[in-house]
Novice: 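Please see the structure below; I have some questions.
A note on names: the letters A, B, ... follow the listed sequences, proteins ahead of strands, and every chain is numbered from 1.
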Amino acid sequence: MIELHNFSYTYPHTVQAALNGLSLPLEKGRCVMVTGPSGAGKTTLCLAAAGILHHEYGGKKDGRVTIDGNDIATYASLSELAKTIGIVFDDAEAQMIFTTVEEEILSALEYRGLEAKVIEERLASIMAITYLTDLMNRSPHHLSGGQKQRVALAATLALGNDVLILDEPTSELDEHATRRIVDILTALKAQGKTILLIEHKYQHFREMVDTLVVLELGHISAMGSPDDVLLDERIRRIVVPDFSGIREMQPAGGAKTDESPVVVAVRHLSYAYGDTLALQDISLEIRAGEFVAIVGENGSGKTTLVKHFNRLLSPTNGDVIIKGKNTRTATITELARDVGLVFQNPDHMFFADTVKDEIEFGLKNLKIPDGGQIIDTALREVRLLHTKDLYPRWLSRGERQRLAIACVIAMSPSIIVLDEPTTGLDGNEARLVMEILKNLQNEGHTVIVITHNKEIAQHCADRIITMEKGSVLSDTQVRGV
Amino acid sequence: MAEILQYVHKDGFFHRLTPITKIVFIIVTSLMCIITTNLVFLAILVIALLVIAYLSQLHKEVLQQTKLILVMSVMFIIITLITMPNGATFGYLIPKGIPFIGGSFPLTQGALEIGLILTFRFIVLIFAFQIFLISTQPRDLVHTLEKMKMPIDYTLMFIIALRFIPTLQVEGMRIHEAQVARGYNPGSGFIGKIRSVAPIVVPLVSNALLRSNVLGLTIDMRGYRIGKRTRVRESTLQRRDYSVLFVMVVASCGYIVLFMKQII
């Protein structure tokens, strides 16, 4: 059993404690789920429980972390701790060291002092339970984000440790793939494994969670059986995203009507990556002021479709027309004035020294003068005005996501497209992002959101486009216009 | 996207050889091409490597490097022509008819020959290492080098450096897309490449540093550095390995004889 005793931790070169007086028992055979806003210290908690803070990081520590009563600091090295604890980090790509799936898992098995025959058996069974047998000879470059997360999990399971620490193992997974992970973990728990799970998807894991912990600003603000913890309305909003009523936030001006001009027209669009057909004969129209959700499983072509809206991709066949301009002939800069695209990972765009400079970059590109006013308005819109002079990468994940939105709305494109805008966010943060988007719609923008979160689609969007295997499966109006 | 120097899962002749045979193969090939200055012999080596690649079903992957090779070859030849004039002149980089600057940068036979030798050596090395790396699983390489008493940290460093080339390529592309979506237009050509440095490289390096931290922790937490390993799926020397090694020995002897007689 791992236990934190009044444990506090401050990272080197920082002032504020990342963890503050945490007491948390992780009992054998139990599943503890930790959730909370981004920047609350969830990942730091994982590192603390795995002994990584004690053995790899400097910084200031108070209190103790023990394994079966032994202080974690007294273990010889991380390799020694690795005999008991398996940890899966949130960056799946960084955990693919070898060049095929099978090799990755086999390598993890080889250093456990097992017999060759046992290794082969365990390799086969782990690939079977994680549904990786068909992918065994694939290289990491030919796996989706979700598949990589599964390989990282499988390689850690291969170690056969009693304690599993998982940092957001389903962040990039759709419904179906998340349920698979839930099944795998439920089976492991039944075998007596101890699981510390950092997650935002409580609804999926509710059956297997024994203790629910809500972490805020390095403190435990609630801990106990999920039913008790969720009685508190404030806590509940953090754990379980509630998007209800967002669609009904009435527009100030006139709503979109059937007479609104068509701003996005997709005509018989097909797109092939090499030999693989990613989009097949897609035709659709989106009118000014609509709030559209594009849903579908991983790999259904959602991102490929929206990348055509600002010509990051050009159609193999067919046409995409944005406000009357065919994307085949318009320049990317021209289209950037009309279409703002916010990618899933905000860290792919930040390079400036301050939040203000980061937003100004886009304005300069479009040669928009008098940026100061616009920057303030955009930051106010996403409620980040107080961070104006901070370094973008110091912000929490939720704040970085909102900054990415601010960067795009400052350029005032009439169409705003967002790819999975709520990944890695807690209930409050996710709702805040969706409210910001609803406000943008009310101000006259066309909002297009890619998501595999059905709740978002059902509660926020006016129209849901479902994609499957590169085609549009259904296209439904949620609200009569 | 062409993946540079990555293992490809296949069942060809080279895939079935043990890593030790393949290490001998690249050492012998590299030494041969570095020592010799005979263009005909270098050309024969290139052809031999292409034949080996074809027989091992690796020609597609090997030929993926053609563009890189062409660009580098032209650069090698131009640089040696300009910097190492030597022997008879057969022309000028800037034709004589042009006033003032005409007739500068004479093209000499000696320089052309050196340029071609460098180019062919480069092609041999690229092909040989490409054949080696695409047919050898990093795991096998780790084990072989471990047996040769190479510390595992160094081996892991080597395979990770190779493994993350495509990852950085993909990441660079995503960052580029994200910046382009913000109206960023660095322009094309050399100036554009320089201007695009900060918005692309800063996120790329920041993300890579974070990633290297996770990678290091993963290596520790998977216990790769404990050292005690169960031997599983070890490849032992087979008849085909002995055949290849025998061919290598004969080729080396022949090479030494020809070299002594100054034929190559």
Novice: Need one label for A:Lys117: side chain, backbone, both or neither, based on atoms under 4.5 Å from any heavy atom in chain B.
Specialist: neither
Novice: When you compare the side chains of A:Ser107 and A:Glu103, does any donor N or O come within less than 3.5 Å of an acceptor on the partner?
Specialist: no
Novice: Quick check for you: among A:Asn161, A:Asp347, A:Leu341, which has the greatest number of heavy-atom pairs under 4.5 Å with chain B?
Specialist: A:Asp347
Novice: Can you tell which part of A:Phe350 gets under 4.5 Å to a heavy atom of chain B, answering side chain, backbone, both or neither?
Specialist: backbone
Novice: Tell me whether A:Glu172 is salt-bridged to A:Lys148, with the criterion being a basic N under 4.0 Å from an acidic carboxylate O.
Specialist: no
Novice: Between B:Thr18 (side chain) and B:Ser235 (backbone), is there a donor-acceptor pair under 3.5 Å?
Specialist: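 No; judged by distance alone, with no hydrogens or angles, the pair does not exist.
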Novice: Sort A:Arg311 into side chain, backbone, both or neither according to what part of it lies under 4.5 angstrom from a heavy atom of chain B.
Specialist: neither
Novice: Is it the backbone or the side chain of A:Tyr57 that comes under 4.5 Å from a heavy atom of chain B, or both, or neither?
Specialist: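 For A:Tyr57, the side chain is the part near chain B, not the backbone.
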Novice: Under 4.5 Å, counting heavy-atom pairs only, tell me which of A:Glu334, A:Glu56, A:Gln95 racks up the most with chain B.
Specialist: A:Gln95
Novice: Looking at B:Arg139 and A:Glu104, does any basic side-chain N land under 4.0 Å from a carboxylate oxygen?
Specialist: no
Novice: Of all of A:Gly51, A:Ser79, A:Ala50, A:Ala336, which one pairs up most often with chain B through heavy atoms under 4.5 Å apart?
Specialist: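 Highest number of heavy-atom pairs under 4.5 Å: A:Ser79.
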Novice: Under 4.5 Å heavy-atom distance to chain B, tell me which part of A:Pro140 shows up: side chain, backbone, both or neither.
Specialist: side chain
Novice: For chain B, which of A:Leu106, A:Leu363, A:Asn310 has the most heavy-atom pairs under 4.5 Å?
Specialist: A:Leu106
Novice: If I measure from the heavy atoms of chain B, does A:Ile368 come under 4.5 Å with its side chain, its backbone, both, or neither?
Specialist: neither
Novice: Of all of B:Thr218, B:Val202, B:Thr230, which one pairs up most often with chain A through heavy atoms under 4.5 Å apart?
Specialist: B:Thr230
Novice: Among side-chain atoms of A:Asn137 and A:Thr100, is any donor-acceptor pair under 3.5 angstrom?
Specialist: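 Short answer, no.
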Novice: Using heavy-atom distances under 4.5 Å, tell me whether A:Ile119 contacts chain B through its side chain, its backbone, both, or neither.
Specialist: side chain
Novice: Look at A:Asn345, A:Leu114, A:Val339, A:Ile87 and state which one has the largest set of heavy-atom pairs under 4.5 Å with chain B.
Specialist: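 Ranked by heavy-atom pairs under 4.5 Å with chain B, first place is A:Leu114.
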Novice: Measure B:His176 against the heavy atoms of chain A and call it side chain, backbone, both or neither at under 4.5 Å.
Specialist: neither
Novice: Is any side-chain N of the basic residue among B:Arg182 and A:Glu358 closer than 4.0 Å to the acidic one's carboxylate O?
Specialist: yes
Novice: State whether A:Lys307 and B:Glu177 are salt-bridged, where the test is any N-O pair (Lys NZ or Arg NE/NH1/NH2 against Asp/Glu carboxylate O) under 4.0 Å.
Specialist: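 So A:Lys307 pairs with B:Glu177 through a salt bridge.
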Novice: Just give me the residue among A:Thr333, A:Val342, A:Leu312 that pairs up with chain B most often, heavy atom to heavy atom, under 4.5 Å.
Specialist: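 The answer is A:Leu312.
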Novice: When heavy-atom pairs shorter than 4.5 Å are enumerated against chain A, which of B:Ile219, B:Leu162, B:Asn213, B:Asn207 gives the highest number?
Specialist: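 Top count of heavy-atom pairs under 4.5 Å with chain A: B:Asn207.
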Novice: How about A:Tyr273: does its OH atom have over 12 heavy atoms from other parts shown lying under 6.0 Å from it?
Specialist: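 Yes, OH of A:Tyr273 has more than 12 neighbouring heavy atoms, counting only those of other groups under 6.0 Å.
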Novice: Please state whether the side chain, the backbone, both or neither of A:Ile52 comes within less than 4.5 Å of a heavy atom of chain B.
Specialist: side chain
Novice: Please classify the contact of A:Glu102 with chain B as side chain, backbone, both or neither, using a heavy-atom distance under 4.5 Å.
Specialist: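 Looking at A:Glu102, just its side chain touches chain B.
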Novice: Does the distance from a Lys or Arg side-chain N to an Asp or Glu carboxylate O, for B:Glu234 and B:Arg231, drop under 4.0 Å?
Specialist: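 The answer is yes: the pair qualifies as a salt bridge.
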Novice: Which atoms of A:Lys364 are under 4.5 Å from chain B, going by heavy atoms: the side chain, the backbone, both sets, or neither?
Specialist: neither
Novice: Classify the ring geometry between B:Tyr224 and A:Tyr111 as parallel (under 30°), tilted (30 to 60°) or perpendicular (over 60°).
Specialist: perpendicular
Novice: Which atoms of A:Met349 come close to chain B, meaning under 4.5 Å heavy atom to heavy atom: side chain ones, backbone ones, both, or neither?
Specialist: both
Novice: Given the options B:Gly216, B:Ser212, B:Pro199, B:Ala198, which has more heavy-atom pairs under 4.5 Å with chain A than any of the others?
Specialist: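 If we count pairs closer than 4.5 Å to chain A, B:Pro199 comes out on top.
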Novice: Between B:Lys10 and B:Ser135 (side chain of the first, backbone of the second, donor and acceptor by atom type, cut-off under 3.5 Å), is there such a pair?
Specialist: no
Novice: Parallel, tilted or perpendicular: which fits the ring planes of B:Phe76 and B:Phe122, with parallel below 30° and perpendicular above 60°?
Specialist: perpendicular
Novice: If only side-chain N and O atoms count, and only distance matters, is there a donor-acceptor pair under 3.5 Å linking B:Thr167 with B:Arg163?
Specialist: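 Short answer, yes.
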Novice: Between B:Ala178, B:Ser206, B:Pro203, which shows the greatest number of heavy-atom pairs under 4.5 Å with chain A?
Specialist: B:Pro203
